[in-house]
Peer 1: 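Before I ask anything, here is the structure I am working with.
One-based numbering, in listed order, for ligands and for the atoms of each. Residue indices begin at 1 and follow the sequence shown.
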Amino acid sequence: MTATRVDSATLRRLPKAVLHDHLDGGLRPATVVELAAELGHTLPTTDPQELAAWYVEAADSGDLVRYIATFEHTLAVMQTREGLLRTAEEYVLDLAADGVVYGEVRYAPELMLDGGLTLAEVVEAVQEGLAAGMARAAAAGTPVRVGTLLCGMRMFDRTRATADLAVAFRDAGVVGFDIAGAEDGFPPADHLDAFAHLRRENVPFTIHAGEAHGLPSIHQALQVCGAQRIGHGVRITDDIVDGKLGRLAGWVRDRRVALEMCPTSNLQTGAATSIAEHPITALKDLGFRVTLNTDNRLVSGTTMTREMSLLVEEAGWTVEDLRTVTVNALKSAFLPFDEREALIEDVVLPGYAAAL
Ligand SMILES: [Zn+2]
C-alpha cells in the first residue's frame, strides 16, 4: 500500500474521534478570563493570550502533580450552572471546529460543588450545555456526537457516589466512568466498590493508568478492577522487550484493550520524551489498539489537528495511520455498537477516502 502524506488544511478536515479529553482542561482562555472577572476570581493574568501561554508553561514542567494544579483556575469558573452551561456548549463547538465527529468528554462532578450545586445538578447543567452545543454544531453543518464520562477523583472517597451518578444518568448522555487525579500512591484497587457496582450495572469504564506509574497500575486497572480501556497506558512498553510482548502487554494487544494515548500531554508530564519516540508509534506498528487524544486542550495548548500534525511531521505518520487510530477510537467508544458502526461506515471512512 502506498503511504499518503497530508497537508494541514486536509488534516483539519479529516473526521476525528477523541476518547480522552477533560472538560475542565479544555476551556477557551477568553471564557476563563470573562467568567473569572464576573466571579472576582484572581487569575495569573487577565490577558487571554498570556493566560494560554501561562498554562502551557506550567504544564511543561514535567511534573504530573504540578500539571494537575493548573486546573484550579478552570475549575474556579465551573462552580455555577451558568459557567457549566457555557463551558460545555463551547466545548462541543471547539471539537466541531477541530473536525471531531465523536468525542467523549470527561470531568469530575465532585470538583464542581463549591457554588452550592448538587452532583446531579452539575451533571444536568453539563448535559444541557453539551446538547446546546451539539444542536448548534449540527445546524452549522459540522455535526459532532459527544458522550460523557464521569470521573471520580482517585485521592478522595467519592468514587462510589460518582459511579452511582453514572448509573443514574446513563440514559441522559453519560456513557461511562473513569478515575482521574494523581496516579502515584492512589492505586485503582482503592476504588473497587465503585468498579464492582459499575460492572453489576453494566456501565463501561476506563482508568487512568500507566502514566505516572508503571505496569502494576495497568495490571490492577485491567485484571483487578475490570477496566475496558486504559487512559494513557504508555508504560505498557515496560512489558515489551525487543518487540516481544510479555503476558500483560499480550493481554492488552490480544484482547484489543484501547490505549487512550495523549502525546503532547505525555511529554509535559514526563511520561514520554519526544513525539518522535512516543510509544504510540511503536504500539501502533505492533498492532495494539492505540487511539490518539488531546487530554487537555487548553492546558497542553493543543487540538486533535495539532496532535495529528505532530505525528505526521515528527513520527512519519500517514493518512492511513490517522484513519487507523480514528477507527480504533470508534471501535472502543462507549457508544452502542450500531452507532459506532454507523459513524465508521458513514462518516469516518468516506472522510478519509476523500483525502486519500
Ligand atoms: Zn486524562
Peer 1: For the Zn ion (ligand 1), what is the closest N, O or S atom on H208?
Peer 2: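 It is NE2, the N, O or S atom of H208 closest to the Zn ion (ligand 1).
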Peer 1: Do you know which N/O/S atom name in D295 is closest to the Zn ion (ligand 1)?
Peer 2: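 Of all N, O or S atoms belonging to D295, OD1 is the one nearest the Zn ion (ligand 1).
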Peer 1: If every non-hydrogen atom of A58 is compared with every non-hydrogen atom of T70, which pair is closest and at what distance?
Peer 2: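 Minimum heavy-atom separation between A58 and T70: CB-CG2, 3.4 Å.
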Peer 1: Tell me, with the steps shown, if T31 and V77 meet side chain to side chain contact (heavy atoms under 4.5 Å, CB included).
Peer 2: CA-CA 9 Å; T31 299; V77 303; 5.9 Å; no
Peer 1: I'd like to know: is the Zn ion (ligand 1) within the 2.8 Å range of an N/O/S atom from H22, strictly under that distance?
Peer 2: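 Checking the Zn ion (ligand 1) against H22, an N, O or S atom does fall under 2.8 Å.
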Peer 1: Measuring from the Zn ion (ligand 1), name the closest N, O or S atom belonging to H20.
Peer 2: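 Within H20, restricted to N, O or S, the Zn ion (ligand 1) is closest to atom NE2.
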Peer 1: Less than 6.0 angstrom from the centroid, inside 45 degrees of the normal: does R229 satisfy that with respect to the ring of F334?
Peer 2: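 Judged by the rule (NZ or CZ under 6.0 Å from the ring centre, within 45° of its axis), R229 counts as positioned above F334.
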Peer 1: For a quick check under 3.5 Å, do T45 and W54 share a side-chain donor-acceptor pair by atom type?
Peer 2: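 Judged by distance alone, the side chains do not pair up.
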